[in-house]
Protein chains: 2
Amino acid sequence: MPDSRKEHRRSAAASKENALDMQAIEGHVGYLLRRTQLLVFEDVIRALEPHGLRPATYSALVVIDANPGRSQREIASALGIQRPNFVAMMDEFETRGLAERLPSPTDRRSHALKLTERGTALLAEANKSVRAHEKRMAQKFTPEGINTLKAILRGK
Amino acid sequence: MPDSRKEHRRSAAASKENALDMQAIEGHVGYLLRRTQLLVFEDVIRALEPHGLRPATYSALVVIDANPGRSQREIASALGIQRPNFVAMMDEFETRGLAERLPSPTDRRSHALKLTERGTALLAEANKSVRAHEKRMAQKFTPEGINTLKAILRGK
DNA sequence: AAAATTAGTTATATATTATACCTAATCAGC
DNA sequence: GCTGATTAGGTATAATATATAACTAATTTT
């Protein structure tokens, strides 16, 4: 065979990977939600990293900021975080000077949470990164698709 | 002492929990995806429990079933599972007689995975539960909303 | 034939999430 | 006013999930 070029270049690496049939599993909402959430989180985690935040800590700062004076139970519960697991997060916030536990005026058991000035500033910076991240997502999915998504999910 | 009884009254039932302002965080795709995925998983986890399966193991069975003869690396990678973490899963499948590692005809390093008869039967049963779960989800969201979701996410 | 790569594996580290229980404070019911 | 039940925050710990490093045997590359 005079003309024997055997596609040597991709013999090993590229072509060995025949795509699998994922049709059966990709029909499931739960699977799609999980994989997509992972994709989106990969990006937002990178966006938050420079600020020393993770998705969970970022969302906590956002919610405390929007609801100053609320208790740990209230904030944690709104975020779906177990109360015991929220303690360490608040400890970290206080250590870093981002939020504080003020005495509640009405209940000496509970704390009135609020962001410090530094916390507010950090959140503002983080918000910039997150907005850029949202922009990237808006491209990755489709402009109106994101809104559909929000609408659907918010309806619960 | 001022007679301040007025505050007491409402605390009995409804009023202790003034809803928090979640508007700021609910505008984020990542947050919405995560919370929704959690919601959906709660239901599918319950659906799979009677079959001794979890979302990850269920999806593995589905993908092996649709792609018999593929290697562990291929299956795991398609599912976004780290190869080391997939080993224990396959061990469990073999212990329970749901799947087997057959020698690959072309590469003695790798295994050709396939479901056993018992695995196929269990998957069929699990699929019934999952279909019921999907029906519940279709109600919870909206009929056409689910399709929109799938379409958006599959586009990636 | 030697060097580099790959599949599966083991061991381990890290992160996340959940559960049981403790104390101080508050509340419910008398 | 007391007393028992409940609640907020906290500690300790367990259970899960996820990631990384390194090893062996087989294969591929050069």
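Just so it is clear: chains get the letters A, B, ... in the order the sequence lines come, proteins before strands, and each one is counted from 1. Hydrogens, waters and symmetry mates are skipped; everything else that's a heavy atom, side chains included, is used.
Regarding Glu92(B), its CD atom lies at a distance of 11 Å from the P atom of dT16(D), rounded to whole Å. Distance Phe86(B) CZ to dG8(C) C1': 12 Å, rounded to the nearest Å. To the nearest angstrom, P of dT18(D) lies 11 Å from CZ of Arg35(A). Per the geometry, CZ belonging to Phe41(A) stands 13 Å off P belonging to dA19(D), to the nearest Å. Between Glu74(A) atom CD and dA8(D) atom P the separation is 8 Å, expressed in whole Å. Atom CZ in Arg109(A) sits about 4 Å away from atom C1' in dT7(D), given to the nearest Å. Rounded to an integer number of Å, the gap from CE of Met90(B) to P of dG8(C) is 10 Å. For Arg108(A) and dC27(C), the CZ to C1' distance is 14 Å, given to the nearest whole Å.
Inter-residue side-chain proximity for Lys140(B) and Asp43(B) is flagged as unmet; no heavy-atom pair is nearer than 4.5 Å. In this structure the side chain of Leu115(B) never reaches within 4.5 angstrom of the side chain of Phe93(B), judged on heavy atoms. For the pair Thr57(B) and Leu98(B), the minimum side-chain heavy-atom distance is 4.5 Å or more. A 4.5 Å side-chain heavy-atom check between Glu100(B) and Leu113(B) finds every atom pair outside the cut-off.
Distances shorter than 4.0 Å separate some side-chain N or O of Arg34(B) from OP1 or OP2 on dT17(C). The side chain of Arg54(B) places an N or O atom within less than 4.0 Å of a non-bridging phosphate oxygen (OP1 or OP2) of dA17(D). Neither OP1 nor OP2 of dG10(D) sits under 4.0 Å from any side-chain N or O of Arg83(A). A close approach under 4.0 Å does occur between a side-chain nitrogen or oxygen of Arg101(A) and OP1 or OP2 of dG10(D). For the pair Gln82(A) and dT17(C), the criterion of a side-chain N or O lying under 4.0 Å from OP1 or OP2 is not met.
Between dG8(C), dT17(C), dA25(C), one nucleotide has an atom nearer to the side chain of Asn85(A) than all others, and that is dT17(C). Considering only the side chain of Pro84(B), dT10(C) comes nearest among dG10(D), dT10(C), dT18(D). Side-chain proximity of Gln72(A) to the nucleotides dG9(D), dA7(C), dT26(C) is greatest for dG9(D). For Arg73(B), taking side-chain heavy atoms from C-beta onward, the closest of the listed nucleotides dA7(C), dG9(D), dT9(C) is dA7(C). Of the candidates dT9(C), dG10(D), dA7(C), dA7(C) carries the atom nearest the Ser71(B) side chain, counting heavy atoms from C-beta on. Closest contact between the side chain of His111(B) and the listed nucleotides dA26(D), dT9(C), dT7(D) involves dT9(C).
Closest-nucleotide positions on DNA chain D for Asp91(A) and Ala56(B) were compared, and the one nearer the 5' end corresponds to Asp91(A).
Under the 4.5 Å side-chain heavy-atom criterion for ILVMFWY residues, a single connected hydrophobic cluster contains both Ile81(B) and Ile45(B).
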